[in-house]
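Shown next, in structure tokens, is the structure this report addresses.
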Amino acid sequence: MSNNLVFIVMDSCRFDSYKQARTKNMDYFGEGQKRYSYASWTSPSHYTYLMGMTPHDNPQGVFASEVYKKEFSKWVDRLGVDGLSFKSFVPQLSLPNVLKQHGYRTNAKVSMPVLNPTSHMNKHFDEYKLMTNHNDFAGMVREIDFYDDEPQFYFLNLGETHYPYMLDGKDLPHISGVHGVFKHMDDNLGEGSEDKFFDDEQMKSLHKQQIKTVEYVDTVLEGLIEKAPVGTHFIITADHGECFGEGGFFGHGPIVHEKVMEIPFLEGKKR
């Protein structure tokens, strides 16, 4: 049977947050690399991953077409399916579609409302669920099952590493729109008010808290590794990074800064 595939996206997790965290369970798959996202916010980055791409390493002196060719060829080893190439993905350019064609059951569990099941992201999935709790990687793990007669694809978007980084919102300054799809963005429309920007100490504190959320994710990951059969291929990465005051920025989205593009990437099989 083809290898099960678990594709984990830690939303907003920048590379140095991962690097500073204690990650004994992620370390099972080796040391994470610094890679670069194709986008600075959630939706386009996840769309890229669902095309079959993974974060790039910013190679120099090569044509982009060669980078893509090598990237798609890696699915042969990841899945244990011979003959996969870029041609296998066209014209749909859809990883879940390719997996369905090879007998996989395709499952997605997401935390960000912008990825909700009514969006186009759910195409070619047998099951696509928006979790009711923003911080419920543990709930995802409880719902995940593997079977002897059917390979599984689990695509997981984790909210723990996204603002407010598992902190109680009452203890943080309000930021419009960050807890949902444009939620509260029009609450003060026309009133001329703006959210107050975080100061340096708040920025440092928030960065430390994101590091703690990576460590929390790592503890939950242990149960998922234990559940997965030998040979299951894991990909662990982020969709984009985050700014914590660098260059006068906080967060991600309409921001051009290297910290928004630097993300961790690691992969490997359960042994």
Task: Option among N4, T232, N107 that satisfies the side chain to side chain donor-acceptor pair (under 3.5 Å) test with Q152 - done: N107

Open item on the list: Under 6.0 Å between ring centres: does that hold for Y68 and F86?
Closed with: no

TODO: For the residue pair F125 and F153, categorise the inter-ring angle as parallel (less than 30°), tilted (30 to 60°) or perpendicular (more than 60°).
DONE: parallel

Open item on the list: Quick one, H120 and Y47 - any side-chain contact, counting heavy atoms below 4.5 Å?
Closed with: yes

- [ ] Mark yes or no: R271 above the aromatic ring of Y28, with NZ or CZ under 6.0 Å from the six-membered ring centre and no more than 45 degrees from the axis.
- [x] yes

TODO: Please answer whether the main-chain N or O of L221 pairs with a side-chain N or O of N25 as donor and acceptor at a distance below 3.5 Å.
DONE: no

TODO: Identify the heavy atoms of T237 and I263 that sit nearest to each other, and give their distance.
DONE: OG1-CD1, 3.9 Å

Open item on the list: Under the side chain to side chain contact (heavy atoms under 4.5 Å, CB included) test against M121, which residue among V114, N116, L115 passes?
Closed with: L115

Open item on the list: Looking at W75 and S85, would you say the former's side chain and the latter's main chain have a donor-acceptor pair under 3.5 Å?
Closed with: no

TODO: Mind telling me whether F198 and Y163 have parallel, tilted or perpendicular rings, with 30° and 60° as the class edges?
DONE: tilted

Open item on the list: A quick test of your reading: do over 12 heavy atoms of other residues, nucleotides or ligands sit less than 6.0 Å from OH of Y128?
Closed with: yes

- [ ] For the pair Q209 (side chain) and H207 (backbone), establish whether a donor and an acceptor sit closer than 3.5 Å, ignoring hydrogens and angles.
- [x] no

Open item on the list: Can you confirm whether or not the ring centre of H240 sits under 6.0 Å from the ring centre of H46?
Closed with: no

Open item on the list: Is it the case that the side chain of E160 and the backbone of Y165 share a donor-acceptor pair, with hydrogens and angles ignored and the cut-off at 3.5 Å?
Closed with: no

Open item on the list: Test of understanding: with side chain to side chain contact (heavy atoms under 4.5 Å, CB included), list the residues that count as partners of M140, not counting sequence neighbours.
Closed with: K109, S111, M131, F137, L156, L158

Open item on the list: Using a 3.5 Å distance criterion without hydrogens, assess whether the side chain of S94 forms a donor-acceptor pair with backbone atoms of M51.
Closed with: no

- [ ] Determine whether V9 and F155 make a side-chain contact, defined as any pair of heavy atoms from C-beta on separated by less than 4.5 Å.
- [x] yes

Task: Minimum heavy-atom distance S37-S45, with the two atoms named - done: OG-OG, 3.7 Å

Open item on the list: Donor-acceptor check, side chain of R35 to backbone of P55, threshold 3.5 angstrom: yes or no?
Closed with: yes

Task: Short side-chain to backbone donor-acceptor contact, T161 and S12, under 3.5 Å - done: no

Open item on the list: One thing to verify: whether E267 and K74 come together as a salt bridge, which I'm taking to mean a side-chain N less than 4.0 angstrom from a carboxylate O.
Closed with: no

TODO: Flag the pair E222 and K270 as a salt bridge only when some basic side-chain nitrogen lies within less than 4.0 angstrom of an acidic carboxylate oxygen.
DONE: no

Open item on the list: Less than 4.5 Å apart, side chain to side chain, heavy atoms only: is that true for Y36 and H56?
Closed with: yes

Task: K259 with E246: basic N within carboxylate O range, under 4.0 Å - done: no

- [ ] Using atom types as modelled and distance alone, determine if a side-chain donor or acceptor of Y154 lies under 3.5 Å from a backbone N or O of D145.
- [x] yes

Task: D218 side chain vs K24 backbone, donor-acceptor pair below 3.5 Å - done: yes

- [ ] Would you check if the side chain of D27 reaches a backbone N or O of G30 as a donor-acceptor pair within less than 3.5 Å?
- [x] no

